[in-house]
Colleague: 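The structure under discussion is supplied below as structure tokens; questions concerning it will follow.
Residue numbers count from 1 along this sequence.
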Amino acid sequence: MITQLEFILYVSNQEKSTKFYETILRQNPSLNVPGMTEFSLNEFVKIGLMPNEGIAKIITPILPHPTSGNGIPRCELYLQVENLETIFEEAKRAGAIEISPIALRDWGDTVGYVADFDGHVIAFATKI
């Protein structure tokens, strides 16, 4: 049985990414040490930030170095939020790149898409 879920994003600059995710998640990290930052979204789900060089020590040479994938969408964080327009604009002010403006999507959610500094796709969504 899975007791907790953590999504770990590989980042080029842990400090810069930490500040960005503090802004978009509207919280301070629950853990912030050299080599790992974590944000607890609830008691079961966390988002982690690990520097590319840290994970490279574990996965290479069996897998490619994570920097070879920078800018290539490798995952999407789909975040249901309140105040969609406000958080979308805050993310852009914090350095996110707008990918697709806020719009009603075919599946019934209103969603806007941005990318962080490393190209991870972040969707901010609201159920109608």
Colleague: Do the side chains of Tyr113 and Ile97 join up, straight or via other hydrophobic residues, at under 4.5 Å, putting them in one cluster?
Modeller: no

Colleague: Looking at Ile122, Ile8, Leu9, Val121, which hits side-chain contact (heavy atoms from CB on, under 4.5 Å) with Cys75?
Modeller: Leu9

Colleague: Quick one, Val45 and Phe7 - any side-chain contact, counting heavy atoms below 4.5 Å?
Modeller: yes

Colleague: Using 0.5 Å steps for rounding, measure from the CZ atom of Phe117 to the OG atom of Ser12.
Modeller: 9.0 Å

Colleague: Heavy atoms only: give me the nearest Phe124-Ala91 pair and the separation to one decimal.
Modeller: CE1-CB, 3.8 Å

Colleague: State yes or no: do Phe20 and Tyr78 share one hydrophobic cluster built from I, L, V, M, F, W and Y residues joined by side-chain heavy-atom distances below 4.5 Å, directly or via other members?
Modeller: no

Colleague: What I want to find out is whether Lys92 reaches Glu89 closely enough, with some N-O distance under 4.0 Å, to be called a salt bridge.
Modeller: yes

Colleague: Using the rule that two of Ile, Leu, Val, Met, Phe, Trp, Tyr join whenever any of their side-chain heavy atoms come within less than 4.5 Å, decide whether Trp107 and Leu104 are in one cluster.
Modeller: no

Colleague: Apply side chain to side chain contact (heavy atoms under 4.5 Å, CB included) to Lys16 and Val11, showing your working.
Modeller: CA-CA 9 Å; Lys16 184 178 179 182; Val11 298; over 6 Å; no

Colleague: Are any of the side-chain heavy atoms of Ser100 and Arg105 separated by less than 4.5 Å?
Modeller: yes

Colleague: Just how far is it from atom CD1 of Ile99 to atom CD of Glu76, taken to the nearest 0.5 Å?
Modeller: 8.5 Å

Colleague: Working to the nearest 0.5 angstrom, can you tell me the gap between Ile55 CD1 and Thr60 OG1?
Modeller: 9.0 Å

Colleague: Decide if atom CD of Glu15 counts as having more than 12 heavy atoms of other residues, nucleotides or ligands within a radius under 6.0 Å.
Modeller: no

Colleague: If you group Ile, Leu, Val, Met, Phe, Trp and Tyr by side-chain heavy-atom gaps below 4.5 Å, do Leu49 and Val33 land in one group?
Modeller: no

Colleague: Which atom pair, heavy atoms only, marks the closest approach of Glu6 to Met36?
Modeller: OE2-SD, 4.4 Å

Colleague: How long is the gap from OG1 on Thr110 to NZ on Lys127, to the nearest 0.5 Å?
Modeller: 10.5 Å

Colleague: On a heavy-atom basis, which atom in Ala125 and which in Leu84 lie closest, and how many Å separate them?
Modeller: N-CD1, 4.0 Å

Colleague: May I ask you to test the Ile24-Glu90 pair for a side-chain heavy-atom distance under 4.5 Å?
Modeller: no

Colleague: How long is the straight-line distance from CD1 of Ile59 back to CG of Asn52, given to the nearest 0.5 Å?
Modeller: 9.0 Å

Colleague: Walk me through whether Arg93 and Thr23 qualify under side chain to side chain contact (heavy atoms under 4.5 Å, CB included).
Modeller: CA-CA 10 Å; Arg93 282 194 299 277; Thr23 298; over 6 Å; no

Colleague: Could you check whether any side-chain heavy atom of Ile87 comes within less than 4.5 Å of a side-chain heavy atom of Glu82, counting everything from C-beta outward?
Modeller: no

Colleague: Tell me, do Asp118 and Tyr10 make a side-chain contact under 4.5 Å, heavy atoms counted?
Modeller: no

Colleague: Should we count CD of Gln4 as having more than 12 external heavy atoms under 6.0 Å?
Modeller: yes

Colleague: Out of the candidates Leu79, Leu77, Val81, only one should pair with Leu25 under the side-chain contact (heavy atoms from CB on, under 4.5 Å) rule; please name it.
Modeller: Leu79

Colleague: Considering all heavy atoms of both residues, which atom of Val111 and which atom of Ala123 are nearest to each other, and what is their separation?
Modeller: CG1-CB, 3.7 Å

Colleague: At what distance, to the nearest 0.5 angstrom, does CG of Leu5 lie from NZ of Lys46?
Modeller: 11.0 Å

Colleague: Ignoring hydrogens, what is the shortest heavy-atom contact between Pro51 and Gln14? Give both atom names and the distance.
Modeller: CG-OE1, 3.4 Å

Colleague: For the residue pair Tyr21 and Phe39, categorise the inter-ring angle as parallel (less than 30°), tilted (30 to 60°) or perpendicular (more than 60°).
Modeller: tilted

